[in-house]
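First up is the structure itself, then whatever we jot down about it.
Nothing fancy with the numbering, it's 1 onward along the sequence. Predicted model only: the values in this text are computed from it and were never measured.
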Amino acid sequence: MAQPYNRIYNFSAGPSTLPVPVLEQARDEMLNFGGTGMGVMEMSHRSKAYEQIIKSAEADLRTLLSIPDNYKVLFLQGGASMQFSMVPMAFLRGGTADYVVTGAWGKKAVEAGNLEGNANVLWDGKSGAYSDIVELESLRFSQRAKYVHFTTNETIQGVEYHQDPSVSVPLVCDMSSDICSRPVDILKYDLIYAGAQKNMGPAGLTLVIVKDEFLDKVPDGMHPMFDYRLQAENESMYNTPPTFGIYICGLVTKYLLNTGGLEGALKRNREKAQVIYDAIDNSNGFFKPHAVQRARSLMNVTFTLPDEEKTKEFIKLTESKGLDGLKGHRSVGGCRASIYNAFPIEGCEVLAETMREFAAR
């Protein structure tokens, strides 16, 4: 089935596909938003029109994610990578925090954490090539640990947590690549952060959800742009926020609310991923999944072929069929199909058929 506007199937790991109705609305409002005579990218973030945009985006996110009143919602910049540093700058400060490393992004978080204190690696999946996860409830946390940090979905290795952990220490989570893809029990977390460019909007916007009690632990004397409390007191507008990204995030959130919420998103994501995993599992070993069964990501399906030459041939074939971005990350090779919320199931079906065709050769 042809996509509207001659669009290809974009399997990119991010920035990624956005819902077509959202893009159409943004197009229609590009030159004149709501009768203001100007577009969102042009208007003052202090204007009444923009104040309504950011407040609406926050209110809808609170509804979509069931965020309680005792949590702050912050729209920040710098991507999730800046949060690798902001979190330990605010909460570690020479102490010890436990880190669970399930892939490349968890490893980067540790590297940043060690610049501020002891980022103790409690569990590392390196020996298993980051093909599995560990249940946090099974771990023994460090005495006086300031927090435990983990990543719900590793985009490079394609492993994902499908349940929210229950732990006895403050829980900090990088939810960049699967936020808004399933229901989440916010009460189990003290701080969640996520880059927007997978499921929520364009690159340049970072969402932070932080519990008031945890926020109170931020010390005085922080650098202003890295001070969660200052950002919260200024309602994400200590400086000019990523205005257009917040606007698009608001449109995406409304779209999700109108298409079954997070339960609807989870149902669609399971169906999409199953189409590709079935093609892998029924290939008699020609395609091999990277992640073990229980840790298979619904967002990033990673797999390998028998050798590098066949991988190149397969990528070339997929590109000829309008399937883009399937080459695996340079650090692991193989293939990666990133199928975030807005990715259509038809693209998964075309990929699966192409996989069966190629294997049959």
Going by atom type alone, with no hydrogens or angles, which donor-acceptor pairs under 3.5 Å involve a side-chain atom of residues 64-75 and a protein atom two or more places apart or on another chain?
residue: Tyr71; atom: OH; partner: Ile186; partner atom: O; Å: 3.2
residue: Tyr71; atom: OH; partner: Tyr189; partner atom: O; Å: 2.8
residue: Lys72; atom: NZ; partner: Asp212; partner atom: OD1; Å: 2.9

Is [Y] paired with [X] through a side-chain N to carboxylate O contact shorter than 4.0 Å?
{"X": "Arg229", "Y": "Asp216", "value": "no"}
{"X": "Lys55", "Y": "Glu58", "value": "no"}
{"X": "Arg182", "Y": "Asp164", "value": "yes"}

For [X], enumerate each residue passing the side chain to side chain contact (heavy atoms under 4.5 Å, CB included) test, keeping only those at least two apart in sequence or located in another chain.
{"X": "Arg270", "result": "Leu266, Leu298"}
{"X": "Leu23", "result": "Arg7, Leu18"}
{"X": "Arg27", "result": "Tyr5, Glu24"}
{"X": "Thr302", "result": "His290, Arg336"}

For [X], I'd like to know if atom [atom1] has over 12 heavy atoms of other residues, nucleotides or ligands within 6.0 Å.
{"X": "Arg361", "atom1": "CZ", "value": "yes"}
{"X": "Lys288", "atom1": "NZ", "value": "no"}
{"X": "Glu213", "atom1": "CD", "value": "no"}

Kindly say whether [Y] contributes a backbone atom to a donor-acceptor pair with the side chain of [X] at under 3.5 angstrom?
{"X": "Tyr161", "Y": "Val134", "value": "yes"}
{"X": "Ser16", "Y": "Ser12", "value": "no"}
{"X": "Asn341", "Y": "Cys180", "value": "yes"}
{"X": "Gln3", "Y": "Ile8", "value": "yes"}
{"X": "Asp227", "Y": "Leu230", "value": "yes"}
{"X": "Asn114", "Y": "Ala119", "value": "yes"}

State, with a plain yes or no, whether a side-chain heavy atom of [X] is found less than 4.5 Å away from one of [Y].
{"X": "Lys267", "Y": "Glu271", "value": "yes"}
{"X": "Phe33", "Y": "Met43", "value": "yes"}
{"X": "Leu323", "Y": "Thr354", "value": "yes"}
{"X": "Leu351", "Y": "Phe11", "value": "yes"}
{"X": "Leu61", "Y": "Cys249", "value": "yes"}
{"X": "Met299", "Y": "Asn269", "value": "yes"}
{"X": "Asp132", "Y": "Val159", "value": "no"}
{"X": "Met355", "Y": "Phe303", "value": "yes"}

Connected to Ile345, directly or through other members, by ILVMFWY side-chain contacts below 4.5 Å are Val275

Salt bridge (Lys or Arg N to Asp or Glu O under 4.0 Å), that's the test. Do Lys146 and Asp190 meet it? Break it down for me. CA-CA 11 Å; Lys146 298 294 185 70; Asp190 291 80; over 6 Å; no

Which is it for Val208 and Ile192 under the side-chain contact (heavy atoms from CB on, under 4.5 Å) test, yes or no, and what are the steps along the way? CA-CA 6 Å; Val208 173; Ile192 294 169; over 6 Å; no

Using a 3.5 Å cut-off and no angle test, enumerate the donor-acceptor pairs between side-chain atoms of residues 88-106 and protein atoms at least two apart in sequence or in another chain.
residue: Arg93; atom: NH1; partner: Met89; partner atom: O; Å: 3.1
residue: Thr96; atom: OG1; partner: Asn118; partner atom: ND2; Å: 3.3
residue: Asp98; atom: OD1; partner: Asn120; partner atom: ND2; Å: 2.8
residue: Asp98; atom: OD1; partner: Ser142; partner atom: OG; Å: 2.6
residue: Asp98; atom: OD2; partner: Ser142; partner atom: N; Å: 2.7
residue: Asp98; atom: OD2; partner: Ser142; partner atom: OG; Å: 3.4
residue: Tyr99; atom: OH; partner: Tyr147; partner atom: OH; Å: 2.8
residue: Trp105; atom: NE1; partner: Thr155; partner atom: OG1; Å: 3.0

Which pair of heavy atoms, one from [X] and one from [Y], lies closest together, and at what distance?
{"X": "Gly245", "Y": "Pro202", "answer": "CA-CG, 3.7 Å"}
{"X": "Ser297", "Y": "Tyr277", "answer": "O-OH, 2.7 Å"}
{"X": "Lys198", "Y": "Ser177", "answer": "CG-CA, 3.6 Å"}
{"X": "His162", "Y": "Arg294", "answer": "CD2-O, 3.6 Å"}
{"X": "Tyr255", "Y": "Pro21", "answer": "CE1-CG, 3.8 Å"}
{"X": "Pro289", "Y": "Ile280", "answer": "CD-CG2, 3.5 Å"}

Evaluate the side-chain contact (heavy atoms from CB on, under 4.5 Å) criterion for residues Leu76 and Met225: first the C-alpha distance (whole Å), next the side-chain angles of each, then the deciding distance (0.1 Å), finally the verdict. CA-CA 9 Å; Leu76 305 181; Met225 286 298 292; over 6 Å; no

Residues 165-174, side-chain donor-acceptor partners within the protein, below 3.5 Å, at least two apart:
residue: Ser166; atom: OG; partner: Lys188; partner atom: NZ; Å: 3.2
residue: Asp174; atom: OD1; partner: Ser176; partner atom: N; Å: 3.0
residue: Asp174; atom: OD1; partner: Ser176; partner atom: OG; Å: 2.7

Would you call the rings of Phe244 and Tyr247 parallel, tilted or perpendicular, where under 30° means parallel and over 60° means perpendicular? tilted

Distance in Å, [X] [atom1] paired with [Y] [atom2], rounded so as to fall on 0.5 Å steps:
{"X": "Ile133", "Y": "Glu160", "atom1": "CD1", "atom2": "CD", "value": "9.0 Å"}
{"X": "Asp185", "Y": "Gln163", "atom1": "CG", "atom2": "CD", "value": "11.0 Å"}
{"X": "Tyr228", "Y": "Leu215", "atom1": "OH", "atom2": "CG", "value": "9.5 Å"}
{"X": "Ser85", "Y": "Glu111", "atom1": "OG", "atom2": "CD", "value": "10.5 Å"}

Any side-chain hydrogen bond (donor to acceptor under 3.5 Å, both in side chains) involving [range]? Give me the pairs, sequence neighbours left out, ordered by first then second residue.
{"range": "residues 231-244", "value": "none"}
{"range": "residues 32-51", "value": "none"}
{"range": "residues 322-331", "value": "His329-Ser331"}

Begin with the C-alpha distance, continue with both residues' side-chain angles, and end with the deciding distance and a verdict on side-chain contact (heavy atoms from CB on, under 4.5 Å) for Val184 and Met175. CA-CA 10 Å; Val184 171; Met175 209 174 281; 4.1 Å; yes

Result block: side-chain N/O donor-acceptor pairs under 3.5 angstrom for residues 311-319, not counting sequence neighbours:
residue: Thr311; atom: OG1; partner: Asp307; partner atom: O; Å: 2.9
residue: Thr318; atom: OG1; partner: Ile315; partner atom: O; Å: 2.7

Between Phe358 and Phe287, is the gap from one ring center to the other below 6.0 Å? no

Ring center gap for Phe343 and Tyr340 short of 6.0 angstrom: no

